[in-house]
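Scroll down for the structure; my scribbles are underneath it.
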Amino acid sequence: MLTVTFKGLWAHKRRLVGMLMAVVLGVGFLAGALALGDTLSSNFDKLFASANAGTDAVVRSATTVGTGVGAQRPAVDVSLAATIRAVPGVAAAEPSITGFGEIIGSDGAAIGGNGPPRLASYWLPDPVLNPYKLAQGRAPATPDEIVVNRGAATAGKLRLGQTVTVLMPTPVRVRIVGIATFAGTDGLGTATLAAFNLAGAERNILGITGDAAQASSIVVRAQPGVSQAELTSRIQRVLPANVDALTGVAATQQAVSDVSGTFLTALRTVLVVFAGIALLVATLSIANTFAILVAQRSRESALLRALGGTRRQLLGSVVVEALCIGALASGLGLLAGLGIAGLLKGLFDSFGFALPAGGLVVSGTSIVVSVLAGMVVTLGAGLLPALRASRIPPLAAFRGAAAEPARPSLLHAIVGGVLASGGVALVVAGIQAPTSQVLSVVGIGALLTTVGVVALGPVVAKFVTGFIGRPLAAWRGTPGLLARGNAMRSPRRSAAAATALMVGVAIVTLFTVYAASLKTASDNGVKGSFNGDIAITSGGFGPGTLSPELATAIGGLPGVRTATGISAGEALIAGKAQQVSSVDPVHIGAVLDLHPAAGSIAALSDSQIAVSQHEASNRGWQLGTALPATMPDGARMQLSIGAIYTSRDLTGDYVVPLALWGAHNRQGVNSAVFVKLAPGTDLAAAKAAVTTASTPYGQPTVNDRAAFIAAAGQGVNLVLGIVYVLLALAILIAVLGIANTLSLAIHERTREVGLLRAVGQTRRQLRSMIRLESVILSVFSVVGGLTLGTFLGWGLSQATNVAQGFATFTLPVTRIALILVLGALAGILAAVRPARRAARMPVLTAVATE
Amino acid sequence: MQTTLTKAAARAINATKIYGSAETAVRALDEVSVGFPQGQFTAIMGPSGSGKSTLMHCLAGLDQVSSGEVFLGDVELGSLSDTELTLLRREQVGFIFQSFNLLPTLSAAENISLPLLLAGKRPDRDWLDTVIAEVRLGDRLAHKPSELSGGQQQRVAVARALVTRPQIIFADEPTGNLDSRSSAELLGFLRRAVTSFGQTIVMVTHDPGAAAAADSVLFLSDGRIVGELREPTAEAILDRLKAIGE
């Protein structure tokens with residue numbers, strides 16, 4: 001029996017190529033995602049290991065601001081280093097002071113743009129503790145000398161001895177006295193470094209000097225013969241309360257797990273989810289291929305049955321076949337995955353998420369998971385049709401009864417109808433559910449709707465393909481008429497072929513609609529609250545990089561009535577880590593209307609906080625409610641709610657006065673500066689003046705009101721762009737599925753093709769007929785996908801609106817139309833190979849085939 | 001032969017067809033010269049592998065000869081491109097195959113008009129009605145092939161072959177899958193097409209009974225024409241076949 005199976009596989013190898021491709025691509029994506037995760041994880045491990053190589057102990061605050069892994073910690077006193085140095089066994093102890101510092105290159109632009117981290121630090125004088133090594137020059141000796149990493153020096157065309165500007169973010173003029181390498185490379189990935197001596201670091205990074213200065217941690221080196229554990233326990237004895245010592249090894253592990261626990265896990269999850277979508281689409285697509293193959297072989301199977309083959313043997317044969325294909329495809333997919341991992345890495349680099357360099361690494365787990373996924377998917381897809389085929393009595397199969405029922409069963413209609421209507425009802429009802437349950441109820445509803453729609457596919461396929469085919473038949477004449485007939489002849493198969501693309505398109509549409517809804521909400525919110533004329537933004541992510549001096553400098557320009565900065569950061573409020581904006585309560589009103597529902601932003605005192613209406617009502621707070629808060633420096637306090645506002649698009653849910661925030665944060669930075677002009681001032685001239693004035697501050701982006709509003713939602717489009725790229729593979733697999741179905745169908749209709757050619761169908765008409773059938777199928781999928789995706793997008797944006805308070809359902813008509821057109825084009829594309837093969841078929845072979 | 005008596009609807013001159021190459025080469029047609037006069041019903045008989053199907057395929061423009069010439073009317077087929085051949089088949093040739101004559105997705109009426117539909121032409125209503133009446137399909141026109149009996153399906157095929165008023169109709173074992181009653185009926189239709197409409201028909205068959213309906217029978221063996229029988233009877237055909245050695 002196995003021989004028969006393998007001979008059969010070999011004989012049908014051409015027909016298996018398409019199926020193989022689907023699995024290869026799906027597994028490739030999964031393996032690629034996992035390999036990327038492995039690679040990054042290994043790179044980060046190496047990175048932290050080299051960064052901490054000389055550190056035997058780390059002393060830092062025991063408190064965290066925020067929750068979970070990677071949370072910020074308050075600082076420790078710099079003076080603690082001296083105390084630790086006195087501990088026996090300590091060879092060196094230095095404060096680790098790190099902050100933001102943007103180096104201006106020789107061309108006047110900030111090195112690295114808005115991409116990689118731009119770091120400033122204290123240059124640790126102990127060469128073992130310092131992960132950077134001097135390649136040229138010497139260590140900084142005065143506060144206005146710095147060491148830069150070699151990568152930054154090269155990128156900014158900086159020389160030893162050159163005087164440069166570093167934005168701290170307030171510009172400082174310093175001289176480069178040394179160029180350093182990190183673990184033998186140009187730097188820590190693409191991050192730039194400007195390292196000062198202690199006085200320079202205290203002044204520029206901490207903004208304070210002497211005993212008051214605080215470091216993020218103290219790093220310690222042991223004398224030879226003193227173990228890390230011993231050193232740590234000795235140091236712990238001299239530490240004040242709330243400060244901890246941990247071994248260098250533990251600190252490295254923690255740093256690694258902080259990164260893998262947050263960034264890497266999130267990245268891996270996202271990639272695996274999209275790989276899962278690709279695999280789901282692949283499963284749907286190859287399940288159909290299997291069904292057709294098994295149906296086409298029903299006579300063969302009947303012969304085997306008649307000759308004494310048992311049902312089990314037949315079933316076993318298909319299982320072995322699926323396993324063979326699965327194993328081969330998974331193996332190839334694994335190889336493809338390495339290529340995809342490289343591509344993804346490049347993609348992430350190009351989107352500005354520069355990742356540490358290093359070769360590709362793949363763990364054993366990733367290999368096993370990928371191969372297993374490929375096998376399971378293939379086997380799962382093959383099992384159902386195999387079961388169905390094995391149930392056909394041999395005689396019926398001889399008579400040509402199809403193993404594949406052409407018409408949908410009543411069960412399909414009932415199950416599909418119940419699921420779909422139940423799902424829709426759940427989504428519609430879900431958006432009225434209590435805030436905390438909205439997303440889960442709508443999610444379940446969405447899932448049910450999708451399954452229901454897939455089940456209903458065969459029920460509506462005949463009608464819908466007929467409907468889509470009618471104008472084509474009228475437009476393209478007989479080939480159109482024949483194509484329509486072919487698309488309608490087996491509704492079950494048409495629906496199955498369309499399902500993969502439909503699901504793919506539905507997901508694309510869901511994201512498109514959702515993104516548009518988020519963008520509308522953001523646009524409306526920004527439009528409704530931003531009253532300024534000009535906005536200066538630092539771009540990129542994080543708390544921003546603009547010097548507080550910038551607002552002052554702009555404020556002094558002629559024609560400027562108000563220029564005020566806004567900054568962002570994280571603090572622990574009422575037990576949760578929260579994004580907090582800080583504003584100048586007196587001036588912010590001129591540029592930003594937060595639409596207070598209660599209280600007043602302008603009257604906010606230094607012990608008060610403003611909270612969004614959304615957050616306040618979710619948490620049950622009112623004006624005057626006292627909230628416990630922990631500031632970034634670890635200071636604990638009670639803040640009472642002094643205002644409740646409704647416009648939260650630019651500030652988030654929490655706003656505190658600048659004076660309060662500044663007192664508990666080192667290195668004040670602004671994320672944006674908003675400018676209001678005096679009435680009658682010429683906007684263009686004012687914008688030019690503002691641009692000139694802000695150039696020394698790292699050339700931040702200067703936008704007028706309209707451009708700022710447009711730019712505010714751009715982040716959504718950036719993410720949507722990445723999502724599109726991630727979904728492209730699933731769509732490709734789905735289109736391959738349609739091509740595959742067509743190829744198999746044409747193979748099945750060889751004699752029909754021959755007959756048509758004999759009675760006068762030209763090759764052109766034949767190709768046109770196949771192309772039109774493909775277009776009908778793909779438009780069927782796309783219309784289904786668009787409808788489903790739009791509904792799900794509506795549900796998700798409504799749910800988000802209820803749960804999070806942002807998202808205004810918007811139908812991006814242009815994009816939807818584009819998806820439809822692209823879908824039809826995909827149909828044409830899918831038909832290229834099948835049509836070419838059909839046209840090449842010699843008429844006679846086709847006629848003579850029995 | 002009869003080429004000189006009336007104008008030939010189709011003819012072959014020194015037609016040779018070789019399949020394969022070198023040692024495995026098979027000479028399916030060996031220097032065959034033959035003409036099929038207009039308005040005549042000719043049957044081609046011969047043992048399996050005698051080249052009768054190959055001859056028909058070459059005459060119909062479905063296959064090309066290795067050497068020699070094939071004419072359909074006045075057109076030499078060897079010089080035509082695939083598209084030209086297709087258009088010629090569409091307009092000048094009718095086909096009736098042994099089985100699988102109809103497209104399952106089209107109704108009987110659509111199947112009958114298929115060559116016209118492919119040409120984007122409007123059927124001549126009167127002629128269409130005449131043809132449909134002739135094969136007695138009036139009440140089955142809206143049905144799909146799967147809803148028709150074998151005999152009815154072949155009648156649709158006859159109607160389709162007649163609908164373009166082609167130069168010549170090729171029938172390849174048209175009665176091969178039919179019971180004797182349906183066979184007789186089908187042969188009756190072919191006979192009448194020749195007699196009433198002056199249609200030229202060439203039929204390949206194994207069945208002496210079927211061949212007896214023709215005006216003449218050509219006998220092929222080993223790729224050559226080995227005889228001809230005019231106004232044949234089933235007995236005479238059987239005798240001749242025995243002589244050839246089937």
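Numbered from 1 within each chain, the chains take letters A, B, ... in sequence-line order.
Counting heavy atoms of neighbouring residues, nucleotides and ligands inside a 6.0 Å radius, atom CZ of A:Phe463 does not exceed 12 of them. The 12-atom threshold is not exceeded at CZ of A:Phe467, counting heavy atoms of other residues, nucleotides or ligands nearer than 6.0 Å. Around the CG atom of B:Asp139, the shell of radius 6.0 Å holds more than 12 heavy atoms that belong to other residues, nucleotides or ligands. Counted within 6.0 Å of CZ on A:Arg764, heavy atoms from surrounding residues, nucleotides or ligands total 12 or fewer; the atom is thus considered open. Atom CG of B:Asp30 has more than 12 neighbouring heavy atoms from other residues, nucleotides or ligands inside a 6.0 Å radius.
Atom CZ in A:Arg763 sits 7.5 Å away from atom OG1 in B:Thr86 (nearest 0.5 Å). One distance of note links CD of A:Gln765 with CZ of B:Arg90; it measures 4.5 Å at 0.5 Å rounding.
A:Ala758 approaches B:Phe97 most closely through the heavy-atom pair CB-CZ, 3.9 Å. What you find for A:Leu755 and B:Leu103 is that their closest heavy atoms are CD2-N, 4.1 Å.
A heavy-atom distance below 4.5 Å is found between the side chains of B:Leu114 and A:Leu756. The shortest distance between side-chain heavy atoms of B:Asp82 and A:Arg757 falls below 4.5 Å. Side-chain contact between B:Glu110 and A:Leu481 is present, with heavy atoms from C-beta onward closer than 4.5 Å.
Looking at B:Leu102, the atoms closer than 4.5 Å to chain A (heavy atoms on both sides) all sit in the backbone: N, CA, C or O.
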